[in-house]
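One structure is given here, and the rest of the page talks about it.
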Amino acid sequence: MTVSAPPYELVIGIETHVELNTESKMFCGCRARWFGAPPNTLVCPVCLGLPGALPVPNRRAIELAITAGLALHCQTPDHTKFDRKNYMYPDLPKGYQISQYDLPLTVNGWLKLEGGKRVGIRRAHLEEDTGTLKHGEGAGQRYTLVDFNRSGVPLLEIVSDPDMSSAGEAERYVRTLRDILVYSGVSEMRLEQGAGRFDVNVSIRFEEGGKTIWPPQSEIKNLNSYEALRGAVAYESDRLWREWQSGGEIRTRTGKVTVGWSPERGRTYMQRSKEEVEDYRYFPEPDLVALRPKATRVAELRAALPEMPTERRARFVEKLGLSEKDARNLVADRQLADYFEAAVGVEPTSAKAVANWVIGELTAALKRDGGDAKGARVAPEQLGVLVRLIAAGRVSPTAAKQVFGEMWKRGGDPEAIVNTLGLAQTSDEDAIAAAVDEVLKANPSALADYRKGKERALDGLIGPVMSRMKGRADGAVIRRIILERVG
Ligand code: ZN
Ligand code: MN
């Protein structure tokens with residue numbers, strides 16, 4: 001890792017493959033959620049590429065692809081089609097992949113990175129995933145097994161413009177893209193399940209002898225984590241630079257190379273030295289008709305788009321007064337953010353307090369017992385009412401935690417729980433004063449420190465007074481009475 005800036009400019013473009021959030025596969029009725037299923041149990045003649053089997057397109061996949069485009073500010077052309085991309089590989093039983101070549105479903109969009117930089121989205125096209133290979137060794141022989149469960153799962157390939165100029169920016173791009181796709185329901189994009197994969201085009205540019213040099217690029221294939229993305233971009237750009245400096249074949253080569261990334265060894269390795277689009281012999285898929293997305297349906301899909309994470313974070317900060325950090329925490333999980341908004345709907349003047357409860361108590365309870373915010377045992381409306389009771393001074397924040405715990409365990413209306421558990425905040429100042437006296441007596445050193453000028457020496461007494469009051473006192477009243485007593 002170099003600390004100083006590299007002696008070249010980086011130019012990065014990314015092709016992202018994401019599995020779409022559909023029940024069934026792209027061209028057959030087999031289940032699309034393949035991860036973890038026993039090998040070759042989610043297959044049929046279509047996704048096994050058996051002779052005579054005919055594809056039937058998945059309407060939902062097409063709509064999700066259009067939705068992704070709309071969320072990325074793309075245009076939806078009114079004419080599109082599928083094409084055959086021919087190549088031979090053991091995980092591709094038909095010998096071709098149905099993809100889209102010159103007329104993709106969606107084109108010419110952009111997304112905005114945090115900080116405001118825009119990255120162009122050139123196109124996004126629909127295709128089908130391949131099977132998976134498993135290499136092993138046994139009985140003195142090496143073997144490869146093939147599992148076709150993933151074969152035919154709908155895949156969206158999103159191609160960015162080469163607008164990124166550092167590994168950090170590339171990572172921000174894929175994180176932003178993922179946020180948008182998850183938010184719009186297009187894909188769950190579980191990277192750990194291979195449901196999002198990145199092909200990263202890396203090139204370097206620099207001045208040499210008064211000329212701008214732009215050596216042929218490398219395409220790093222199939223990265224499936226942010227860590228791999230960072231490591232591979234740093235390694236490969238540096239490798240291009242060193243190869244150029246040492247007078248390697250990169251000085252005479254014209255086409256790009258394709259490399260893989262080995263996370264174990266922390267380096268890239270050569271896969272193919274040359275690959276041109278002609279090699280794929282693309283032609284229109286003869287088993288499918290051309291497609292004309294209906295303008296009215298596209299308009300419906302656009303209207304159904306939720307607010308995107310960047311805009312939502314900004315609104316939480318600007319309109320609801322949350323900190324950047326709280327806004328980020330909430331928006332990172334759409335259900336949590338929805339929950340927060342529903343609770344704020346009940347108690348609109350206490351957005352910050354509601355956020356604290358959602359990020360604190362609710363998240364802790366969900367973590368402890370499992371589940372997500374959508375089905376939480378305390379409904380957002382109940383939490384909103386509870387926060388309103390605190391704001392109105394009816395229950396102390398400490399006692400409110402007990403109320404929350406009770407709602408979580410047994411349900412019920414917060415106000416009723418406050419009453420049955422006797423948690424209503426007391427305005428009985430004599431009782432509070434009596435508790436203060438007891439605590440002062442038990443802590444003579446705190447009082448002495450305070451008299452020596454340690455202003456904060458009394459802060460530690462509020463807690464003990466509160467527990468004597470069983471959480472039913474107002475912290476501000478306790479503080480005032482302590483000061484009256486020692487003053
Ligand atoms: Zn099938
Ligand atoms: Mn592809």
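When a ligand or atom number is given, it counts from 1 through the structure's own listing order. Because only heavy atoms are used, hydrogens play no part in the values below, and waters and symmetry mates are left out as well, while side chains stay in.
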N, O or S from Asp199 under 2.8 Å to the Mn ion (ligand 2):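 Looking at Asp199, which is the residue asked about, there is no N, O or S atom under 2.8 Å from the Mn ion (ligand 2).
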
Short N/O/S contact of His17 with the Mn ion (ligand 2) (below 2.8 Å):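 It does: His17 brings an N, O or S atom closer than 2.8 Å to the Mn ion (ligand 2).
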
So, for [X] and [Y], is the gap between ring centers shorter than 6.0 Å?
X: Phe198; Y: Tyr173; answer: no
X: Phe206; Y: Trp241; answer: yes
X: Phe340; Y: Phe316; answer: yes

Gln335, CD: over 12 other non-hydrogen atoms inside 6.0 angstrom: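 More than 12 within 6.0 Å, yes.
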
Shortest-distance N, O or S atom of Glu127 relative to the Mn ion (ligand 2):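 Minimum-distance N/O/S atom of Glu127 relative to the Mn ion (ligand 2) is OE2.
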
Shortest-distance N, O or S atom of Glu157 relative to the Mn ion (ligand 2):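 The atom in question is OE1.
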
Metal-centred angle, SG of Cys44 through the Zn ion (ligand 1) to SG of Cys47, rounded to 10 degrees: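 The two atoms form an angle at the metal of about 120°.
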
Distance, nearest 0.5 Å, that separates OG1 of Thr76 from CZ of Arg302: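 CZ of Arg302 is found 6.5 Å from OG1 of Thr76.
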
